[in-house]
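Count residues from 1 along the sequence.
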Amino acid sequence: MSPSSPTIKRALVSVTNKEGIVDFCRTLRDDFNIEIISTGGTATLLNNAGVAVTSIEDVTGFPEMMDGRVKTLHPKVHGALLACRDNPQHMQSAKQHDIVPIDMVVANLYAFEAAAARDDLSEEGTIEHIDIGGPSMLRSAAKNFASVTVVTCPDSYDDITAELRKNAGSTTLETRKRLAQKVFALTSGYDMAIARYLSGEFSCEQGAEELYLDLEKIQDLRYGENPHQLAGYYRFKGDISHTLADATQLQGKALSYNNILDTDAAWTAVRELTEPSCVIVKHTNSCGAASDSVLAAAYHKAWQGDPISAFGGIIALNRPVTAAVVEAIFANKQFVEVLIAPSFEAKALNMLASKPNMRVLETGGVNPPGGRPALRSIEGGVLIQDEDTTTENPDSFVLAGTIALDEDDMADLAFAWKMCKGIKSNAVVLAKDLQMRGMGAGQPNRVNSARLAIEQADRQFKDESSGARGCVAASDAFIPFPDTVEVLAAAGVKAIIQPGGSIRDAEVLAAAEAAGIAMVHTNKRHFRH
């Protein structure tokens, strides 16, 4: 490849995003005497603005046809872009076939992803938004970056203009190579978006042989889980709004890798709850959770469940944050790494500004649980599954024994069940009055998880409500032996919710009945490894 920087004499312009294109082309034409070749709507816009344009039909000798599907797919376009200027045979062929080199392409693509997200477009209509000529033209120009400058983003126009002024109408090889890299990243992502659409997004179905991921960087991270690990933060292009990756950071230090993991765990958990609710997370486990008719009360009850673990934790709320919520946080003197919520009242933000290091994230809304893939890397590959959600209807729960439950008990069981899902297995949660009173997480056996949950409840609530006594318990997977029930019974637990399905269900139920404990089966497991 020649390192020379040829003077730009002809530019082909065909853009979907027409922001700034008139001024840019006027500058190319008036200040650098560059011939502008253009297509369709772009040509009409430039002509109406008084910028002289050569139509693509005058270059190719063919009209645009097939509803615009064919307009730049022609040797006089692609030969003009791909001809190596320092190759005599290429230039001889160009001269023989009356092909005049094109030195710059300014183009961006049909907004396929926006079309695919529309509810009012049929598949046929969406497919019409697949750009063929644009990617082909961009790739031809980018391949020949030794001689051709290719511009895909309006944000680049000012920099390109400045470089043309500095270099007497030329760009540098370094710039052309950098712009070419952007082209191949753009067209690769564009093709993946189309492939995702045609394959039905992130399919976990049997027989789905390929997975298409199209990610864009949000930010570089200082490091990963530990200081010696490099890390970055990415989001799916075109992903749905109100997600963590789409949230706006209103204040605070840059998010760390661990902040993001913990915040995802908190936000995912609080989305499960329909009443005004708060979830506090530490090390990806919910250490506090509560629902209440008043959001500030929900926060205080969540904090009250384990104030020690809540220090330095992540707070997630599923309602707009008021000044009363912030006052409650300040009153508890809780050090907060991240506070995430759908929105914040102005007074609340003014108060939070006094804690400039606290990271405050606004999602703009709350999506219902589910609807996203869960990916986890392994050595040499990736695992993918549907997001786990507690979508089961409490009306489908089965009262396994003879001991009846009232509405308040069932509400507590449903709450404990939802919170148990967000805690590392083996998980056991104790709850009372829509407040998590204790939890045991990540133990190799369920009995020890139950003991940890009881110890926490007895320690934190022994003065006001006799600790674990009168609580309900949730187990994320079936209880395999009566010993877990016996430990919970000794602590005064009144009801247990669990999937059921153990070969010893009859023994486990018999232990519960003997202890006067109601047993509910959900017939669904919620492991979190």
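No side-chain heavy atom of Ile315 sits under 4.5 Å from any side-chain heavy atom of Ile340. Counting heavy atoms from C-beta outward, Phe461 and Gln435 have side chains that approach closer than 4.5 Å. Residues Lys421 and Thr268 meet the side-chain proximity criterion, which asks for heavy atoms closer than 4.5 Å. Residues Leu215 and Phe236 are in side-chain contact: their nearest non-hydrogen atoms beyond the backbone lie under 4.5 Å apart. Annotation: side chain of Ile160 is in contact with side chain of Thr175 (closest heavy-atom distance under 4.5 Å). When side chains are defined from C-beta on, Asn258 counts as touching Glu225, because their heavy atoms get closer than 4.5 Å. Residues Phe478 and Val508 form no side-chain contact, since every pair of their non-hydrogen atoms from C-beta on lies 4.5 Å or further apart. Counting heavy atoms from C-beta outward, Leu349 and Val326 have side chains that stay 4.5 Å or more apart.
Judged by distance alone, with hydrogens and angles left aside, the side-chain atoms of Asn445 form a donor-acceptor pair with the main-chain N or O of Asn448 at under 3.5 Å. Between the side chain of Asp262 and the backbone N or O of Thr284, at least one donor-acceptor pair lies under 3.5 Å. The closest donor-acceptor contact from the side chain of Asn108 to the backbone of Thr16 lies under 3.5 Å. Within the 3.5 Å criterion, the main-chain N or O of Lys424 finds a donor-acceptor partner in the side chain of Asn285. Using modelled atom types, no side-chain atom of Arg437 and backbone atom of Ala468 make a donor-acceptor pair closer than 3.5 Å. Within the 3.5 Å criterion, the main-chain N or O of Ala254 finds a donor-acceptor partner in the side chain of Arg359. In this structure, the side chain of Ser425 does not engage the main chain of Ala427 through any donor-acceptor pair within 3.5 Å. At least one donor-acceptor pair closer than 3.5 Å links the side chain of Ser475 to the backbone N or O of Ala477. Although no hydrogens or angles enter the test, the distance criterion places a donor-acceptor pair under 3.5 Å between the side chain of Asp505 and the main chain of Gly501. The backbone N or O of Asp395 lies less than 3.5 Å from a partner atom in the side chain of Asn393, making a donor-acceptor pair.
Between Ala450 and Leu488, the shortest heavy-atom contact is CB-CD2, 4.0 Å. Residues Ala328 and Ala296 approach most closely at CB-O, 4.4 Å, considering heavy atoms. Taking every heavy atom of both residues into account, Leu405 and Ala495 meet most closely at CD2-CB, 3.8 Å. The two atoms that bring Ala404 and Leu399 nearest to each other are CA-CD2, 4.3 Å, heavy atoms only. Heavy-atom minimum distance, Ser449 versus Ala441: OG-N, 4.3 Å. Contact detail for Asp458 and Gly467: the closest heavy-atom pair is OD1-CA, 3.5 Å.
Counted within 6.0 Å of CG on Leu230, heavy atoms from surrounding residues, nucleotides or ligands total 12 or fewer; the atom is thus considered open. Environment of NZ in Lys177: sparse, with no more than 12 heavy atoms of neighbouring residues, nucleotides or ligands closer than 6.0 Å. Within 6.0 Å of atom CZ in Arg178, more than 12 heavy atoms from other residues, nucleotides or ligands are found, so the atom counts as buried in its surroundings. Counted within 6.0 Å of NZ on Lys524, heavy atoms from surrounding residues, nucleotides or ligands total more than 12; the atom is thus considered enclosed. Enclosure of atom CD in Gln229 by more than 12 non-hydrogen atoms of other residues, nucleotides or ligands within 6.0 angstrom is indicated.
Within the model, atoms NZ of Lys418 and OG1 of Thr389 stand 10.0 Å from one another, a figure rounded to the nearest 0.5 Å. One finds the CG atom of Leu273 at 4.5 Å from the OG atom of Ser291 (value rounded to the nearest 0.5 Å). With rounding to the nearest 0.5 Å, the separation of CE in Met519 from CG in Leu413 is 10.5 Å. Note that CG of Leu352 is 6.5 Å distant from CD1 of Ile329, once rounded to the nearest 0.5 Å. Distance check: Arg376 CZ to Ile378 CD1 gives 10.5 Å after rounding to the nearest 0.5 Å. Here Ile314 contributes atom CD1 and Thr263 contributes atom OG1; the two are 4.0 Å apart, rounded to the nearest 0.5 Å.
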| request: List the steps, then state whether side chain to side chain contact (heavy atoms under 4.5 Å, CB included) holds for Arg271 with Asn318. | output: CA-CA 7 Å; Arg271 287 165 57 228; Asn318 64 357; over 6 Å; no
| message | Run the side chain to side chain donor-acceptor pair (under 3.5 Å) test on Thr390 and Glu272 for me, step by step, so that the C-alpha distance in whole Å, both residues' side-chain angles and the decisive distance to 0.1 Å come before the verdict. | response | CA-CA 7 Å; Thr390 53; Glu272 296 279 356; 2.5 Å; yes
| request: Step by step, work out the side chain to side chain contact (heavy atoms under 4.5 Å, CB included) result for Lys282 and Asp306. | output: CA-CA 11 Å; Lys282 191 74 168 288; Asp306 190 354; over 6 Å; no
| request: Walk me through it: do Val493 and Val472 pass the test side chain to side chain contact (heavy atoms under 4.5 Å, CB included)? | output: CA-CA 6 Å; Val493 167; Val472 303; 5.5 Å; no
| request: Output, in order, the C-alpha distance, side-chain angles, deciding distance and verdict of side chain to side chain contact (heavy atoms under 4.5 Å, CB included) for Leu430 and Gln456. | output: CA-CA 9 Å; Leu430 300 184; Gln456 181 183 330; over 6 Å; no
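Looking at residues two or more places apart in sequence or on another chain, you find a ring-ring contact (aromatic ring centres under 6.0 Å, His included) between Trp303 and His300. His529 is linked by a ring-ring contact (aromatic ring centres under 6.0 Å, His included) to Phe527, counting only residues two or more places apart in sequence or in another chain. By the ring-ring contact (aromatic ring centres under 6.0 Å, His included) test, Phe311 is found to be paired with Phe335, residues two or more places apart in sequence or in another chain being considered. With sequence neighbours excluded, the residues satisfying ring-ring contact (aromatic ring centres under 6.0 Å, His included) with His526 are Trp417.
A side chain to side chain contact (heavy atoms under 4.5 Å, CB included) with Trp267 is found for exactly one of Val366, Val279, Val281, namely Val366.
Sorted by first and then second residue, the side chain to side chain donor-acceptor pair (under 3.5 Å) pairs with a member in residues 482-504 read Asp409-Lys494; sequence neighbours excluded. Pairs of residues two or more places apart, or lying in two chains, never qualify as side chain to side chain donor-acceptor pair (under 3.5 Å) while including a residue from residues 343-357.
Taking a cutoff of 4.0 Å between a charged side-chain nitrogen and a carboxylate oxygen, Asp476 and Arg446 qualify as a salt bridge.
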